[in-house]
Amino acid sequence: MSITQLLFWFLTALALGSALMVIFSKNPVHSILWLITTFFAISGHYILLNAQFLAIVNIIVYAGAIMVLFLFVVMLMNLNASATPLKKKWLRFAGVISGGCLLLVLTAALKDTDIMRQELMMKTGDIGLIHNLGTVLFKEYVLPFEISSVLFLSAMVGAVVIGKKE
Amino acid sequence: MNLLALDGAFVLEKLILIAVVISISLVVAMYATYVERKFAGFIQDRHGPNRAGPFGLLQPLADGLKLFFKEEIIPNNSNKLLFVLGPCLAMLTAMMTSAIIPWGGTVELFGQQVSLQIADINIGILYVFGVVSMGVYGMMIGGWASNNKFSLMAALRGASQAISYELAMGLSLIALLMLTGSLSLKTITEQQVTGLWNIVYQPVGFLIFFVCALAECNRAPFDLPEAESELNMGYHQEYSSMKLGFFLFAEYINMFISCAIIATLFFGGYDIPFVDESTWSGGAAAIGGVLALMTKTFILILVFMWIRWTLPRFRYDQLMNLGWKGLIPLALLNMVATGAVILLTMKQA
């Protein structure tokens, strides 16, 4: 087994294991820490694909910013296992159905991976580097990119407006 | 696809380099505590530590030994695992940034070209940001796991301060990146060796980055997470022995590394000023380069200390106002101005 394969299996086990621990941990703070581990494992996968930019942005945005805010909220509310009431039965049922739908979509997407992998192998391996990514983003996908930035701006304005309301 | 072709010599070379860089960072951090106290003594017109060894030079060793032999206390109502994890994370994130700093050029050892940089990655500066954004976890987890409201408040203060100043830091660097056109610290340094230092092009960017670095390192006047008069002691209130030592030590390592990064980004890195080192032989140029970078770093560390013993601490609302209403708009303005200048000069050419 080559070192790339070893790393792949290690990261896969880490990602799946810590994702399961997010659900099974009793303490919400532990859940968040496991979620951070999951993000790191996924970033590791990106690095294996030589998509360094995606890997580091995943860490900066998700593990660095969003998870800190999660941690803020959980720490300030001082949540623990005894404080959270058990969810209602219909809610749990709805959760199972929506989770199943997600699984269906993911399986359908995974069906095509054989073709996808062949495509990836044909590329030279630097498709994920920042230079190529920037060129694609600002040439082929410039309109969706700009529209999503407007979306972010409106979300920011909305957050400020909500924050201002007493 | 041979992305991860490793051979034994390469692994050995990198391992030795990592060990050397980490030990140098530790020694520098250790003696930074001594220099800080001596410098404070100088500014406040007193002697500073002068008992252990000549000129008190053994003082850091004595402090370290004292911390090691103190009683290890883990509070009963704390979250034991996270309580230990906090200082570990603080130390780890402090060390990780050193991996991408180019400490010097290349030297030839045993017939091999050895670059004095652990990893020259394509996304150098973003890696720094990734590690910096991780840096808050050590403090937050440590503060929360202590199960003490003062620790928790200090940790939240520290984390919100770090998040706020990260933004202005990133924006100030975008202007710099527009000029250099590369995220790799090696390339940025090489550009400065042949051309002018980046501080000439980006004085405002440097100022913003410097202030943000002070805030990120929790140094005075931004040391609100350690405001004794308001928080008893800070996020490390419940810590004792070497776990406390790790938190304090990580702060000094952070200071050393961030000064090295400032020197690399704005002051030419391992470039020796007013000297054309390309005519020197490889080894001499590399050693001179390392010495030049170290000198620049030490001067910046002294400036950090000078600021600490000169300025009083900010109030919390002043800190947030400066970050959000002062530095971020200024950084945005700097970015727009830089972009405009680049556009105009490109048209002329």
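To find a chain, count down the sequence lines: A is the first, B the second, and so on, and within it residues start at 1.
In terms of heavy-atom pairs under 4.5 angstrom with chain A, the leader among B:V136, B:L85, B:I141, B:V131 is B:I141. In terms of non-hydrogen atom pairs under 4.5 Å with chain B, the most contact-rich of A:V57, A:I56, A:L69 is A:I56.
No side-chain donor-acceptor contact under 3.5 Å links B:T93 to the backbone of B:G135.
Only the side chain of B:L183 comes within contact range of chain A, with heavy atoms under 4.5 Å apart. With a 4.5 Å cut-off on non-hydrogen atoms, B:I163 touches chain A through its side chain but not through its backbone. In this structure, the portions of B:L126 lying under 4.5 Å from any heavy atom of chain A include both its backbone and its side chain.
Checking B:S146 against B:Q237 by side-chain atom types alone, no donor-acceptor pair falls below 3.5 Å. Side chains of B:S160 and B:Y316: a donor-acceptor N/O pair is present below 3.5 angstrom, by distance only. No hydrogens or angles considered: nothing links the side chains of B:N147 and B:E238 as a donor-acceptor pair under 3.5 Å.
Ring geometry for B:Y239 versus B:F83: interplanar angle under 30°, hence parallel rather than tilted (30 to 60°).
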